[in-house]
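Read through the structure below, which is laid out as structure tokens, and then see the notes.
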Protein chains: 2
Amino acid sequence: MARPERKTVRDVRKGNRGMLLRTLYFDGPASRHELTGLTGLSAATISTMTGDLLADNIIVEAGQVDSDGGRPRVLLRVNPGYGHVIGVDVAETHVRVELFDLEMNEKARVDYSLRPSHHEIELVARRILAGIDVVLADGRVPAEQVLGVGIGVPGIVERGPDTLIHAKTFGWDGVPLGAMMRAGTSLPVFIDNGAKTMGQAELWFGAGRGAEHAVIVLIGSGVGATVVAGGVVMRGASNSAGEWGHTKIALDGRQCRCGGRGCLEAYIGAEGILERAGVPTGTTDWQAALGRVLESRSPVIEETVAYLGMGLANLINLLNPERILIGGWAGLMIGRDLLPGIREAACAHSLAQPYNATSIVLGELGPDAVALGAATLVLEEFLNTSAPLRLHAAS
Amino acid sequence: MARPERKTVRDVRKGNRGMLLRTLYFDGPASRHELTGLTGLSAATISTMTGDLLADNIIVEAGQVDSDGGRPRVLLRVNPGYGHVIGVDVAETHVRVELFDLEMNEKARVDYSLRPSHHEIELVARRILAGIDVVLADGRVPAEQVLGVGIGVPGIVERGPDTLIHAKTFGWDGVPLGAMMRAGTSLPVFIDNGAKTMGQAELWFGAGRGAEHAVIVLIGSGVGATVVAGGVVMRGASNSAGEWGHTKIALDGRQCRCGGRGCLEAYIGAEGILERAGVPTGTTDWQAALGRVLESRSPVIEETVAYLGMGLANLINLLNPERILIGGWAGLMIGRDLLPGIREAACAHSLAQPYNATSIVLGELGPDAVALGAATLVLEEFLNTSAPLRLHAAS
DNA sequence: GACGTTAGTTCAACTTGTGAACCTATAGTT
DNA sequence: AACTATAGGTTCACAAGTTGAACTAACGTC
């Protein structure tokens, strides 16, 4: 059973302040009067809390609105310049660092390309730290103004006293990236799996907005999923929930690169599709190759749709989401052409009641939202705690 | 995102009181002093709150314990006789009503058998209402002392302003059982799917105790699962989460009674196993038949273990639970003999990291815990709200 | 300029958890 | 039997929180 923590009157304030801030962030600008309706709090509380937030410079006034025959409403909004957040995407071929303001407008970015199979952790950590300095300089943002750094990495991110990362393809086995970052910067650091941060991005700013129960499916060369239950990303016992790609859909199926057989990824992952369509293994431009396969209307495509529909149907039956988003570069390509067929296949393999409760749609943020999602981890923390900026020296 | 409700100082009390009560229920008896450590609350708060609870008769003193050289500790515990809860199991062949005290000791029970394909809702509702009267009379418990009635039913339970039940096999399509019960009794009524109530029972009182992330798998003639995430049973958008039985594990597999093909249930459900083993369809004593198949060491068994292991592996990869419980009459029979093989098969088909975070064990409560679990719904509500008993007339 | 209307603020009242001081009940010691 | 040490439990002033009611502020209209 869930054991809630001891609560004191101060926690009430923390919780309500966070709720007020989230309301302003997503439904703002709004007047104090409107906020009473949106939050359920009394006018008195709204008054004192907005006073605090204004004093902290976390929110600002945003013009007035006439109210016929009475005092005009003063609109309030989150101050987009109050602080900045940094998102990092550590991928197969590059390390990308992006700087955002609180409204997630990109202020600066820098890319470092990685040579294939040169993913030494020291190198990656150096690139990240250098990238942070570069985007801060480019964006003319002092480090004290940064709320934190979110990092999306491949593999399994084991949360604990020290964040450890296990990523076979990078040769990382229990790499303490969190500790390494803390050694190089005093900014708060948040690390998560890149597929999860991308799911987080779609959930907060993409096609998943407002969903309480959703699954964001990512199809690239690998296949993963972000499961959202009750508005929160599901992490499981050791933060590896969402490994959808290695769901077995046949007892003795195709060989998968994970070593197993019959994994979904071996059928609907980009590599799996190309291999099944007979594309030569030396091909480097996978996107173009997948595009040609999709145009060719080969029977492999029909099969892919069937497998994908089946995989989605299993998610629908087991998790009963209200929305399923398809993302990732390959997912978006397949979905753009074949969404109706995918929906049909999912319908055919799922139970009527949960299928009817679900809508299957494409992601909105494109295939490059890992850094945005990683930065969102920082934003989430800020909106929840709404702690005023402090020096990060001790964190 | 999860939008917490507005909170006031009174909610703090409600939450802390609920936590204190749950602590006493599961870790009790305990002295006030121990409770400060267990709950994190100060001695002062514990003192006033236990005072309230004692005055309400919700908790009682339970003897003393010497403390060397000091004042002895007075032990406190939940008063098992403070109230009673009723659990109902609506199954294919019977309606069972059980009366429990707060410690879930069974005080009375009554069984009504149902004739095959005679599941008219009016009949079932009459049986439930009659059963409530019977167990109250047998147990000599006045109706005012009952905290509520929990009912476990087959099919999908659609929660909303009016609870509607969809159960194909019973011919129920949007049956308003909740409203029908309210017409016949003033007791608070809680309705859920029987597989979920059984999962709830294992989670609270069986092999799932203390687990935050778990899956309780039910294998009978049908196959279902209760997914527990963060200590809470996952329900999804329309309360149908957990339909694991119709997970597709082959693109064009065995015909399932749901109309689909390749459902897990068609392979590892009791019927599916018996059919695959060539047991004549007229057989009535399925348990004996399954027992013979298991003893025969037919290759069908090996296959069943492989499919079950694969199904469990998919749960492990996707949900990353810390524990998986196998229950249901068929699940317990299979598991008793073949658990090591099942574990091996699950290991073979899942990723190492999440597999190592999971333990796969058998349920502890046997195959008849639906009514207990249904009663647990009432208990859960009581422990959370810890509202003193009131007359139920208006509920 | 008076008035009505709507927005926002202030304040006393109430609720809650906490630390410090205090009371209570036992065993051991004189 | 009285005293002391020890540990459990209670009481109370205080800080912090939300709220309804009274109050102030800022506008349009007549």
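Quick note on labels: first sequence line is chain A, next is B, and so on, each numbered from 1. Computed from a predicted model, the values in this text were never measured in an experiment.
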Atom-pair distance ([atom1] on [X]; [atom2] on [N]), nearest Å:
X       : N      : atom1 : atom2 : answer
A:Leu76 : C:dA7  : CG    : P     : 13 Å
A:Leu54 : C:dA7  : CG    : P     : 18 Å
B:Arg17 : C:dG17 : CZ    : P     : 11 Å
B:Arg6  : D:dG20 : CZ    : C1'   : 13 Å
A:Lys14 : D:dA15 : NZ    : P     : 19 Å
B:Leu75 : D:dG8  : CG    : P     : 12 Å
A:Leu35 : C:dA7  : CG    : C1'   : 12 Å
B:Met49 : D:dT10 : CE    : C1'   : 15 Å

- Shortest side-chain distance from A:Asn16, nucleotide among D:dT18, C:dG8, C:dT16: D:dT18
- Query: Taking the side chain of B:Ala44 as heavy atoms from C-beta outward, which of C:dT18, C:dT9, D:dT10 is closest to it?
  - Reply: C:dT18
- Query: Do A:His213 and A:Glu322 meet the criterion of a side-chain donor-acceptor pair at a distance under 3.5 Å?
  - Reply: no
OP1, OP2 of [N] versus side-chain N and O of [X]: anything below 4.0 Å?
X       : N      : result
A:His33 : C:dA7  : yes
B:Arg73 : C:dT26 : no
B:Thr45 : C:dT18 : yes
B:Thr8  : D:dT18 : no
B:Arg32 : D:dT10 : yes

- Salt-bridge contact A:Arg77-A:Glu103 (side-chain N to carboxylate O under 4.0 Å): yes
Students often get this wrong, so: under 4.0 angstrom with heavy atoms, is [X] touching a base, only sugar-phosphate, or nothing?
X       : result
B:Thr50 : nothing
B:Thr48 : nothing
A:Asp66 : nothing

- Under 3.5 Å donor-acceptor pair, A:Arg71 side-chain atoms to C:dA7 base atoms: yes
- Query: Which comes earlier along DNA chain C counting from the 5' end, the contact point of B:Ser42 or that of A:Gly70, where each point is its nearest nucleotide?
  - Reply: A:Gly70
- Note on the structure: Contacts of A:Arg13 and B:Pro72 projected onto DNA chain D by closest heavy atom; the upstream (5') one is B:Pro72
- Message: How long is the straight-line distance from NZ of B:Lys7 back to CG of A:Asn16, given to the nearest 0.5 Å?
- Response: 8.0 Å
- Taking all atoms of both residues into account, what is the closest heavy-atom pair of A:Ala374 and A:Gly152, and its distance? CB-N, 3.8 Å
- Item | For A:Leu372 against A:Met104, the heavy-atom pair lying closest together | CD1-SD, 3.8 Å
- Task: Look at the aromatic rings of A:Tyr25 and A:Phe205 and report parallel, tilted or perpendicular, splitting at 30° and 60°.
- Result: perpendicular
